[in-house]
Amino acid sequence: MSETPSTPAAEDPVVRITGLHKSFGSLQVLRGIDLEVRRGDVVCIIGASGSGKSTLLRCVNLLEVPDSGQIVVHGTDLTDPDVDIDKARRGIGMVFQSFNLFSHLSVVDNLTIAQRKVLGRSKAESWNIANTNLNKVGLGDKVHSMPTQLSGGQQQRAAIARALSMDPDVMLFDEPTSALDPELVGDVLGVMRQLADEGMTMLVVTHEMQFAKEVADVVLFMDGGVVVEQGAPAQVIGDPQHERTRTFLSRVLNPVQVEE
Amino acid sequence: MSETPSTPAAEDPVVRITGLHKSFGSLQVLRGIDLEVRRGDVVCIIGASGSGKSTLLRCVNLLEVPDSGQIVVHGTDLTDPDVDIDKARRGIGMVFQSFNLFSHLSVVDNLTIAQRKVLGRSKAESWNIANTNLNKVGLGDKVHSMPTQLSGGQQQRAAIARALSMDPDVMLFDEPTSALDPELVGDVLGVMRQLADEGMTMLVVTHEMQFAKEVADVVLFMDGGVVVEQGAPAQVIGDPQHERTRTFLSRVLNPVQVEE
Amino acid sequence: FQRLEPGAVSQPGDPIELLEAGQLKTCTHLPYPPFQSTENDEIVGFDVDVVDEVAKRIGANQVIFDTSFEGIETGQSFEIGDCDVAAAGMTITPERERVMDFSDPYFDALQSLLVRTGSDISSLADLRGKTLGVQQGTTGEEYATREQQKNGYRTIQFEDLALLQTAVLTGRVEAGINDNGVLYDYAKDNPKTTVSAEFDTGDRYGIAVRKGNGALLAKINEVLAQIEADGTYDQLYLKWFGRKPDSSDERER
Amino acid sequence: MAVSKRKRARVVRGVQYGILVAVVILVILFADWGAIRDAFFNLDAAGTQVPQIFTSALVNTALYTLLGFAFGLALGLVLALMKLSSVPPYRWLATIYIEFFRGVPALLVFITLGFGVPIAFQIKFGLYTTVMLALGLVGAAYMAETIRAGIQAVPKGQLEAARSLGMSHGRAMITIVIPQAFRIILPPLTNELILLTKDSSLIYVLGLAREEYDLTKFGREGLNETSSLTPILLAGLCYLIITIPLSYLSRYLERRTGRKKAAADTAAALEVKG
Amino acid sequence: MAVSKRKRARVVRGVQYGILVAVVILVILFADWGAIRDAFFNLDAAGTQVPQIFTSALVNTALYTLLGFAFGLALGLVLALMKLSSVPPYRWLATIYIEFFRGVPALLVFITLGFGVPIAFQIKFGLYTTVMLALGLVGAAYMAETIRAGIQAVPKGQLEAARSLGMSHGRAMITIVIPQAFRIILPPLTNELILLTKDSSLIYVLGLAREEYDLTKFGREGLNETSSLTPILLAGLCYLIITIPLSYLSRYLERRTGRKKAAADTAAALEVKG
Ligand SMILES: Nc1ncnc2c1ncn2[C@@H]1O[C@H](COP(=O)(O)OP(=O)(O)OP(=O)(O)O)[C@@H](O)[C@H]1O
Ligand SMILES: Nc1ncnc2c1ncn2[C@@H]1O[C@H](COP(=O)(O)OP(=O)(O)OP(=O)(O)O)[C@@H](O)[C@H]1O
Ligand SMILES: [Mg+2]
Ligand SMILES: [Mg+2]
């Protein structure tokens, strides 16, 4: 096991990705990604289906193992073969499109199990932290519910609370609202906006342009495994420079106008 | 078997529903619906999940059997026990949220099978009609594809072409774009807009407010099994009179603003 | 599990070694009345009584183990140490003598034909073009196979006696061949069937022991001679067959 | 749909009932009821069977089955983990085992185990051990596939979520995946218990002492003693006493698993209204 | 995940291989190889079996199985339609039948059919008829449930789409639902063919003439004649010749059905790029 360097200098980026490549068989999904995320930044990643957004996010906590390139999170180089990846992952919260609450555990057990088994917190302490985070996402009354008794929106908020309970340095969101009924989207985006306001560092894959416009510090447009364009939302969404970005945005923003 | 009256007077509504009630067990889903759809009208039905929109649409071609009330389509009273419902249904095209292309048949067979088996058209004739309609929805090159080889958007357009091949007097759409990736929505809405422009009578359940605003002649807001508000889109969407309509629209139109 | 001990070779007069002290384990294949069958939850029969006489004289209890007849007649039951003796209405044949040792004969068996009452089949020759049921692994089967060429019938093989007898009853086969003792017993209880012929094939039943177990074999022969002499044998015969044996000379022949 | 063509529907239904009645009448006329009663419902024959068929044979069948099931479950779990192992020889061994025992009749396995293995290895098992091995070896092949499928049926996202919280692979398997897999496989496992109950009817080939008879052997013996099929029928009913409740249990468990998803959908629908 | 804790992973793998090697060595030391060779791989014994085991026994097993399968499929289809019928007595009859035959060992069914029914009804079937009935009755109970499940697994939307195009219920069933159901049930039906192949090992209880022997009977007979387990092993291998290809076929069909869905997802993903 190697040591995680403690408290990196404040100006260091929380996430630094350099030259990231990833293929599935013969399919090159990521073809050289470079990215720096500073503390407190909200980075929204947009792009067409299949462009590699999820793969990029999953590489950041090694759910996919990169072929080459470097991923440094909070000072730890994840691609170092001797790194204790389980330990490194504790600092990285992940929220999935399909929620992935543990379906055999109640909401509070979902929030406490990793605190106890991984961080070794006491039952009381983990319970307190779980409660605080559930209240934060507006589920203070669902402590003892089973995941199946919750709506999709509630499940996703519980999943966010679960990730927060591990005190992550950075949160990854992979299309957190795509599996939700349109009317349940708002609650989840509300929680995410609040997190951003509190200064959480966030990497968000999303199709919600409105959210990206209002909340993101940086918007990244991906296509074919590379970052085509990147910058402030007003620039990338409001005034895209690349043809591919423009096509994508016009399709997503004005579905009705698209012709046959 | 009873006779379908031929060519009803031009001013008769194509669909006339009066006092429609429908329950599932103890759950009252439709609680007295009255509705008239004139020839060439596009009626968009909006409302929260569970408000009975699909059930209303399904009653119009007796996929659900009403408890009470009358449904007259093109002069035929569908609730008359002696009516030949198979014959009446030929005049009513239905497009489902989940496409429902026949998965063991190629695209063209999907379009011709009912023409041949139900309308008794010849192979050549049904093939011609199928081709015309496939070209209309932009799938002229997919004649021999299997449904599984098509994207969701293409499947839905093929399903529309299939319904059109039966020369319906009215088309019912039940959330035709809800199962599609955001970027595939545009193509399907484009086809629907074109149909509307050609003067097809249409009843559309949808969450696409933009489409409703631009294409509908009448927008209908349903809640709890009754029609709460109904009128021109500018009125119902632009200036809703009822509190429930306002709440619903604000949730759907501005998901990000909704607070915790 | 326990490791198999093939069992030492012993000579007449050596101490008798049983698989388990105090128990004389007998392999048989049920049902084979009147030699062995179940009555009121107990296994009884002529063989059972004869072996009991042996058990009594070596100070052991007879424990009966019902196993497949093929297991017995191939000697496997001895090889895997299931039993000390096998008493299953088993005819002494050269094939069987190769895999086990037999006592002196204790019963003369005739083969016989079971047919439905009213049937005109009274010899193997009458069966030409018809079917004859046999029980798997019996001398009846062997006899029927031997005579098949000459008489032109088909043999149908059944797993046990009961299935063979029922097959005759239902007409699945025209006739069934087996030892006379058991078939008479069945016909007595099932008037729809009758025994229509007997053949003396010179079959003698013997009690079998594991090959090389000379001590036990000698003891069995000794007991057989004793009960013959003191009249016990005739009593048992009367009990199970309803008559005295024809003549002891014939059996000894 | 029920509204359409009322009359035609009435005619169709009439024809269906007609066929039913005709078949029933034919059976009544055709069958030899006296013989059937003698054969199937012979009270005398039944009398000689009861109560031993319940106190001994039924108990033995249940006991044999449970022995085989317990051993089969343990071996099946090992085989399932072998099949999911990253070490190829383990996967190969498990695959060969499973293919072999799924492809060969249980009867052959029983004969081989009862007569072949003792000779080849010069060892002898007691009856209970033999039964446990024989039924267990057959059952393990089925259960291995069930358990493996159950583990793989737990959505990959559950493991990923656990890993992303910092759990090791082993801990994630034990605390998250296997408990969920167990719920998934409970219904098919119950079905395999039924299959084993039925396969236990073949253990008579191993050779049984009177007090060791299972239901089938007991029924066949009764058939011999009474020349009536009643004992066989009784044995069959005894099997149903075991298998039908198990089959309802299996379906209940399956429905319960299914209903959870439905409950989630309902909850989602309700939130909008609330 | 493969990156983490390389060393620990190496140790774990080493231990696994170690166990494997230890087990192999134990088996080699423990087994009596001479006896095993004599028992299982006795060339003389094999010689007396070949070629009849292929030309007669294997063929008979296949024939009996196919007879039973054909009858079982037909009866199973009838039972499935009865279970889906709107006439309650049909549903009840089908349910009773299915529960009964799924809950009772095939051996009891064979004995009852081979010996009980002829007594009760005073009728006599030829061997092929008996085998067809016996295997078919057992197989039908399984296939009925498979077919019913297959029909119900066709998405309700398919029937609704057909009805909304003006097709009658019957026509929609025949042209749309049943063809799709057939594709769905092909893999489980193949599995039931395997089960029937194995169940055919029980027909020896009906009584067989030499030329009618199936694989199991042939193997057991060989065991008696040669006192070697080789014939049983040969018979087992012959079963595998039938069952393993069928089981691969079943899995292939299953995968093909599954892959269609995946293809659709890919197509949807591609459209965006194109
Ligand atoms: N485990 C995998 N094995 C093989 N191919 C994969 C795997 N995961 C992803 N892919 C492929 O990699 C490409 C990029 O996938 P990715 O999920 O990163 O796209 P995405 O931008 O997230 O798209 P979406 O918006 O649909 O989620 C796709 O073509 C996908 O099919
Ligand atoms: N076949 C059925 N049996 C029982 N309940 C049903 C059935 N179909 C619909 N319902 C119930 O009727 C109510 C109205 O359903 P409906 O599908 O008409 O709503 P909807 O407005 O279309 O909603 P959504 O936007 O979710 O499609 C819901 O509560 C639903 O659960
Ligand atoms: Mg993605
Ligand atoms: Mg709906």
Side-chain angles (χ1 to χ4, degrees), chain A residues 57-58 60-64 84-105 109-119 142 145-156 159 162-163 165-168 171-172 174 179-184 187, chain D residues 77 84 86 146-147 149-190 252-274:
Chain A
L57 217 61
R58 292 164 59 83
V60 174
N61 70 351
L62 286 199
L63 284 178
E64 304 291 351
D84 181 347
I85 180 62
D86 293 336
K87 200 166 167 193
R89 278 205 187 105
R90 294 176 205 163
I92 308 168
M94 175 105 185
V95 175
F96 300 86
Q97 181 173 351
S98 49
F99 328 143
N100 293 347
L101 287 186
F102 303 136
S103 57
H104 63 307
L105 299 178
D109 287 343
N110 260 280
L111 269 73
T112 55
I113 190 162
Q115 292 188 57
R116 285 187 288 121
K117 306 258 169 182
V118 175
L119 301 181
K142 300 287 182 184
S145 301
M146 294 303 286
T148 50
Q149 296 167 333
L150 303 185
S151 74
Q154 292 169 333
Q155 287 189 55
Q156 192 59 297
R162 179 174 67 179
S165 298
M166 304 296 286
D167 301 328
M171 289 275 287
L172 314 176
D174 189 4
L180 298 178
D181 282 344
E183 301 178 59
L184 306 180
D187 295 343
Chain D
L77 183 62
L84 294 170
S86 57
T146 303
I147 296 170
I151 289 176
Q152 289 186 331
V154 174
K156 227 178 126 226
Q158 296 283 322
L159 182 63
E160 289 185 345
R163 297 301 308 267
S164 79
L165 290 170
M167 291 190 196
S168 69
H169 185 82
R171 185 181 297 285
M173 286 297 284
I174 291 168
T175 57
I176 305 298
V177 177
I178 292 191
Q180 291 187 38
F182 188 67
R183 293 190 181 198
I184 296 173
I185 63 175
L186 221 48
L189 228 43
T190 312
Y252 165 76
L253 292 171
E254 211 159 348
R255 257 204 319 279
R256 215 188 46 173
T257 319
R259 196 178 298 149
K260 268 200 207 131
K261 258 194 70 198
D265 298 348
T266 313
L270 286 178
E271 184 179 68
V272 177
K273 290 189 177 170

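Per chain, numbering begins at 1; letters A, B, ... match sequence-line order. Quantities reported herein were computed from a predicted structural model and do not represent experimental measurements.
- Between chain A and the residues D:Ala161, D:Ala162, D:Ala172, the most heavy-atom pairs under 4.5 angstrom are made by D:Ala161.
- Contact annotation for A:Arg162: both backbone and side-chain heavy atoms come within less than 4.5 Å of a heavy atom of chain D.
- Considering every non-hydrogen atom in both A:Arg90 and D:Gly166, the closest pair reads CG-CA, 4.2 Å.
- In this structure, NE2 on D:His169 lies 14.5 Å from CD1 on A:Ile85, to the nearest 0.5 angstrom.
- The minimum heavy-atom distance linking A:Asp86 with D:Met167 is given by the pair OD1-O, 3.5 Å.
- Among the candidates A:Leu105, A:Leu101, A:Leu119, the residue making the largest number of heavy-atom pairs closer than 4.5 Å to chain D is A:Leu101.
- In terms of heavy atoms, A:His104 sits closest to D:Ile176 at CE1-O, 3.7 Å.
- In terms of heavy atoms, D:Leu165 sits closest to A:Ala114 at CB-CB, 3.7 Å.
- By the side chain to side chain contact (heavy atoms under 4.5 Å, CB included) test, D:Ser164 pairs with A:Asn61, A:Met94, A:Phe96, sequence neighbours left out.
- Looking at every heavy atom in both residues, A:Arg89 comes nearest to D:Arg163 through CD-O, 3.0 Å.
- Checked against salt bridge (charged side-chain N to carboxylate O under 4.0 Å, His left out), D:Arg171 has no partners two or more places apart in sequence or in another chain.
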